[in-house]
Amino acid sequence: MVKKYWLLKSEPDVFSLDDLKNCKNKTTYWDGVRNYQARNYLRDEMKKGDGIFFYYSSSDPMGIFGICEVTKEGYPDHTQFDRKNPHYFPSASPENPVWFMVDIKLIKIFHKPVTLQLIKDNPKLKNMKLIQKGNRLSVMPVLKGEWDEIILMSK
DNA sequence: GCCAACGTTGGC
DNA sequence: GCCAACGTTGGC
């Protein structure tokens, strides 16, 4: 099986890599995704061992700040069943879940983050989904060439 | 804080 | 099934 690569967005004020570092086993579930395309990636395509870039949006600077790994493949996001949760989704039920999540584990926090500006300035990365106009997906695939280039830029 | 881009909702 | 209205995202 070929390893795949992904990018997850988070706002550091909401959930940061330091927060993940402080989780048990440096692992957490990635809940709250409420977009169908992102859901399909989480449910169907992300496999154990896949690599994840951890991206900060609405931060200064914005960019990729570390690496995680998928440790558990898609399963129902329990917050959709919880009336008190802001992500509550009334039409979902445990028998018919709509939203899914994966578990991720912290692998590495970059000493040198790869900022959005650096990504935009690198012609090798001009086709990255991340910088396509209007893209708002919070879960998106990354090509191996893009992954390798960003790893190089983080060193 | 603004606003462009996009996804979702709901009336018809 | 269309589309106007609305809410959200996220870069600036």
Legend entry - Close side-chain approach of I150(A) to M128(A), heavy-atom, < 4.5 Å: yes
Inset, instruction - With sequence neighbours left out, write down each residue that passes salt bridge (charged side-chain N to carboxylate O under 4.0 Å, His left out) with K124(A), or none if nothing qualifies. - result: E149(A)
Inset, instruction - Using atom types as modelled and distance alone, determine if a side-chain donor or acceptor of K112(A) lies under 3.5 Å from a backbone N or O of K155(A). - result: yes
Legend entry - Exercise: identify the closest heavy-atom pair between V33(A) and R39(A): CG1-N, 4.3 Å
Inset, instruction - Using a cut-off of strictly less than 4.0 Å between a heavy atom of the residue and any atom of DNA chain C, enumerate the qualifying residues of residues 81-100 of chain A by number. - result: none
Legend entry - Footprint string (nucleotides 2-12 of chain C, 5' to 3'): B base within contact, S backbone only, - free, heavy atoms under 4.0 Å: -----BBBSSS
Inset, instruction - Fit a plane to each ring of W30(A) and F15(A), take the angle between them on a 0 to 90° scale, and name the class: parallel (under 30°), tilted (30 to 60°) or perpendicular (over 60°). - result: perpendicular
Inset, instruction - Output the distance between atom OG1 (T71(A)) and atom NZ (K48(A)), rounded to the nearest 0.5 Å. - result: 7.5 Å
Legend entry - Overall bend - the helix from dG1(B)-dC12(C) to dC12(B)-dG1(C), comparing terminal axes fitted on five pairs, nearest 10 degrees: 10°
Legend entry - N/O donor-acceptor pair under 3.5 Å between N135(A) side chain and I131(A) backbone: no
Legend entry - Residue list, ring pair (Phe, Tyr, Trp, His ring centres under 6.0 Å) with Y41(A), at least two apart or on another chain: W6(A)
Show the atom names and distances, to 0.1 Å, of all donor-acceptor pairs under 3.5 Å that link a side chain in residues 75-84 of chain A to residues at least two apart or in another chain.
{"unit_1": "Y75(A)", "atom_1": "OH", "unit_2": "D103(A)", "atom_2": "OD1", "d": "2.5"}
{"unit_1": "D77(A)", "atom_1": "OD1", "unit_2": "T79(A)", "atom_2": "N", "d": "2.8"}
{"unit_1": "D77(A)", "atom_1": "OD1", "unit_2": "T79(A)", "atom_2": "OG1", "d": "2.6"}
{"unit_1": "D77(A)", "atom_1": "OD2", "unit_2": "G32(A)", "atom_2": "N", "d": "2.8"}
{"unit_1": "D77(A)", "atom_1": "OD2", "unit_2": "R34(A)", "atom_2": "NH1", "d": "3.0"}
{"unit_1": "D77(A)", "atom_1": "OD2", "unit_2": "T79(A)", "atom_2": "OG1", "d": "3.3"}
{"unit_1": "T79(A)", "atom_1": "OG1", "unit_2": "R34(A)", "atom_2": "NH2", "d": "2.9"}
{"unit_1": "Q80(A)", "atom_1": "OE1", "unit_2": "V98(A)", "atom_2": "N", "d": "2.9"}
{"unit_1": "Q80(A)", "atom_1": "OE1", "unit_2": "W99(A)", "atom_2": "N", "d": "3.0"}
{"unit_1": "Q80(A)", "atom_1": "NE2", "unit_2": "D77(A)", "atom_2": "O", "d": "2.8"}
{"unit_1": "Q80(A)", "atom_1": "NE2", "unit_2": "W99(A)", "atom_2": "O", "d": "2.8"}
{"unit_1": "D82(A)", "atom_1": "OD1", "unit_2": "K84(A)", "atom_2": "N", "d": "2.9"}

Inset, instruction - Would you check, one step at a time, whether the test side-chain contact (heavy atoms from CB on, under 4.5 Å) holds for S59(A) with D13(A)? - result: CA-CA 8 Å; S59(A) 72; D13(A) 291 344; over 6 Å; no
